[in-house]
Each structure stands twice: as C-alpha cells, then as structure tokens.
There are 2 protein chains.
Amino acid sequence: MQIASRFTIAVHIVACIDYFQKSTSVTSAFLAGSVGVNRVVIRTLMTKLKEAGIIAISRGKTGVRLGRRSEEISLYDVYKAVESVDESGLFNWHSSPNPLCPVGKNVRRALGETLVKAQLSMEKELKSATIADLTAELHKVAD
Amino acid sequence: MQIASRFTIAVHIVACIDYFQKSTSVTSAFLAGSVGVNRVVIRTLMTKLKEAGIIAISRGKTGVRLGRRSEEISLYDVYKAVESVDESGLFNWHSSPNPLCPVGKNVRRALGETLVKAQLSMEKELKSATIADLTAELHKVAD
DNA sequence: TGTCTTGTAATAATGATTATTACACGTTAT
DNA sequence: ATAACGTGTAATAATCATTATTACAAGACA
C-alpha cells in the first residue's frame, strides 16, 4: 500500500501557486489543468490546505495565494494537512490478535515503538524540505 | 493511506515461529489463531516469506520453522517480502500531470529524490530492528 | 494408506480513493 | 445591484487494493 496520491497532488497545488501567483490568477480550474484531475478534487484539497494555513482562498476572481512564505511551508506541513497522519499512523495493524496468545497479546506493544520511530524518521525528511526548495528546483529545470 | 496490515501480520507470523518453534509444531491454523485472520491469508504470506528465505515450510505435521536465525531477520526483510516495495515506492504519484505546464512537466523529477530519501529513511529504521529483538521483548513482557 | 498440512484458484466482501455532477453561495467588477 | 466568476460541499458512482472465505488438489509423514 502507499501514501495516497493526494499528497503529491497537494504538493503540486502548492508549488503551482508559488510558481504562478505573481503572474496569473490561480484557480481550481487552472490547477486541475496542471495536475490532471477533477476540479472538485482540487477544491477538497484546497480546503484542507486552507485549514492548515498553507494557502489563502477567496471567492470570485482573485485566485488562490500562499498563506505564508514558501520557505516556511515544509512537505510535512502539506502531508499532515491532507493525510490523516495522527489518527492511525503509517503502519496498519491487524485488528484482532488473540489475547490468549502471549505473542498475540503483546506484539503491538512490543513492536509499536519501532514502527513509530520508522514513521517519524520518514516524516523528519519531509520536514526538512520546503516548497521554496521545490519551486527553486522547478525554475532551475525550466531554464 | 497506510502500509497494509499484511506487514504487521507477517511480522507477527515470524515472531510467533521464533517464539514457539521449539515447543510446538507451528502451522497455518495455529498462526491464524494467534493473528486472528483466515488461514489462507497466513498461507499466502507464508509463501512470500518462504520465497524470501525467511521461513522454511514443509507439508505434513512438521510445522513451519525459521529459514535463518532470528538475529539475521530484520523488519525490513519482512517488509520487503510481503509489500511490493520496489515497483512503485512508498509515495503514490498522480498519473497525468500536464506536460504543457512547467510545473506539471517537472514536479515528479524535482520532487522525486526527496520522496525517495524519505522512504529510505523509514526503511533504514526497519533494517535496524530484528525479529530477535522483538522476540526478546515479547519474552520480557511475558515474564 | 490415512491423516495432516500446504498451495492456490476463484470469488466475494470490504473499504479507501478518486471522479463527476449539481447547485448553493460568496466575491468582485461594472 | 446584478452579472460573471469562483469556491464549498453534498451525493453518487467508478475504481482499485486489501482482506476474507470456500474448495480442492497435492505433498509429507507416521
């Protein structure tokens, strides 16, 4: 299983806003065109990104803008905004281990910490990369 | 999205074998009882674990055994055996970004390396933990 | 040979993700 | 104020991966 594409879509959205907001009015239709998905998918993600303070939305012709400087938006911020990270964790547990078996009763506790560490390690990498980095790279490639 | 529970199930299986193989004949029915899933699910995973050399299976009453010492089986070995890790990576990409948009055309390339690094960082943690560690912890808790 | 167990195909059930339509409502410009 | 444009969101369907389950063939061992 994988981390849903809505994460890369969300990153794409934010990067697009950073890339284009000075030159164009960025709308959900515009973003849908760049990402290649339905407008409603874009809007749903936009709402989540707005709730996280990553972007600012206003209705009408204004277009979407970043909620703060792209240097201050990490990939983890985006990840957290659109994925349900906290609730269940990256690793999915089988739901009914046998409490009468010493292994079944304790695996989760005995293994849990290690898996949390693995998850945090991945998230740390996402925290160290910003949208500004990505946009810079995009500008570089486009030259 | 999460990493499928078949990973924790597989770890549970291997830990069970390590924990019980000296005292009992460990079978798919036994394991299904401890894990709390259908026998066929266990068998399917057993087959994959066997292909990875993690366990050794024989039909009849013998029961399942480890393919090598539990100190030499990392969580990553198990992870790799039952998840399709290499093919597509941990992060799922949206499939049709617009090649006519400078962002759509290049996000994947510009972001790819960072995501791979995040994935590898997680896997590194899984590599540093062994089934032996887990079984030791299980014995400790059971005392 | 009989009993136990694995191997595996076939199928269904479940659940999450993603796509799409439809329409109410906010915002801006004229 | 009203038309034009854009977001917010409910409702529904399509798709896909995961997980469950039945059924039976075939290997291993006493």
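Remember, predicted model here, so these are calculated numbers, not experimental data. Note on naming: letters A, B, ... go to the chains in the order of the sequence lines (proteins, then strands), and numbering restarts at 1 for each one.
- Side-chain proximity of B:R59 to the nucleotides C:dT27, D:dT18, C:dT5 is greatest for C:dT5.
- Look at CG on B:N38: it is 15 Å from P on C:dA13, rounded to the nearest Å.
- Residue B:S28 has a polar side-chain atom (N or O) positioned under 4.0 Å from OP1 or OP2 of C:dT6.
- Rounded to whole angstrom, the span from the CH2 atom of A:W93 across to the P atom of C:dG15 amounts to 21 Å.
- Around the CD atom of B:E72, the shell of radius 6.0 Å holds more than 12 heavy atoms that belong to other residues, nucleotides or ligands.
- Nearest nucleotide to the side chain of B:V41, out of C:dT21, D:dT21, D:dA28: D:dT21.
- In this structure, B:I55 places its CD1 atom 10 Å from P of C:dT6, rounding to the nearest Å.
- At distances below 3.5 Å, not a single donor-acceptor pair connects side-chain atoms of B:Q119 with backbone N or O atoms of B:G89.
- Residue A:T47 places its side chain closer to D:dG8 than to any other of C:dT17, D:dG8, D:dA28.
- When each of A:G36 and B:A29 is assigned the nucleotide of DNA chain C with its nearest heavy atom, B:A29 is the one assigned upstream, toward the 5' end.
- Between A:K50 and D:dT7 there is no side-chain N or O to OP1 or OP2 distance below 4.0 Å.
- Straight-line distance from the CZ atom of B:F30 to the C1' atom of C:dC4: 16 Å, rounded to whole Å.
- A close approach under 4.0 Å does occur between a side-chain nitrogen or oxygen of B:S5 and OP1 or OP2 of D:dT19.
- Put simply, CZ on B:R39 is 10 Å from C1' on D:dT21, counting in whole angstrom units.
- Picking from C:dA22, D:dG8, D:dT21 the nucleotide with the shortest atom distance to the side chain of A:V40 gives C:dA22.
- The distance from atom CD1 of A:I42 to atom C1' of C:dA19 is 12 Å, rounded to the nearest whole Å.
- Between A:I9 and A:T62, the residue anchored nearer the 5' end of DNA chain C, judged by the nucleotide with its closest heavy atom, is A:I9.
- We find that CZ of B:F7 is positioned 17 Å from C1' of D:dT18, with the value rounded to whole Å.
- With hydrogens and angles ignored, the 3.5 Å screen pairs no side-chain donor or acceptor of B:S28 with any backbone N or O of B:R39.
- Ion pairing of A:K48 with A:E51 is absent here, as no side-chain N (NZ or NE/NH1/NH2) approaches a carboxylate O to less than 4.0 Å.
- The interatomic distance linking B:L31 (CG) with C:dT6 (C1') rounds to 12 Å, in whole Å.
- Put simply, B:R43 has no side-chain N or O that comes within less than 4.0 Å of OP1 or OP2 on C:dT5.
- Side chains of B:H94 and A:T8: a donor on one and an acceptor on the other come within 3.5 Å.
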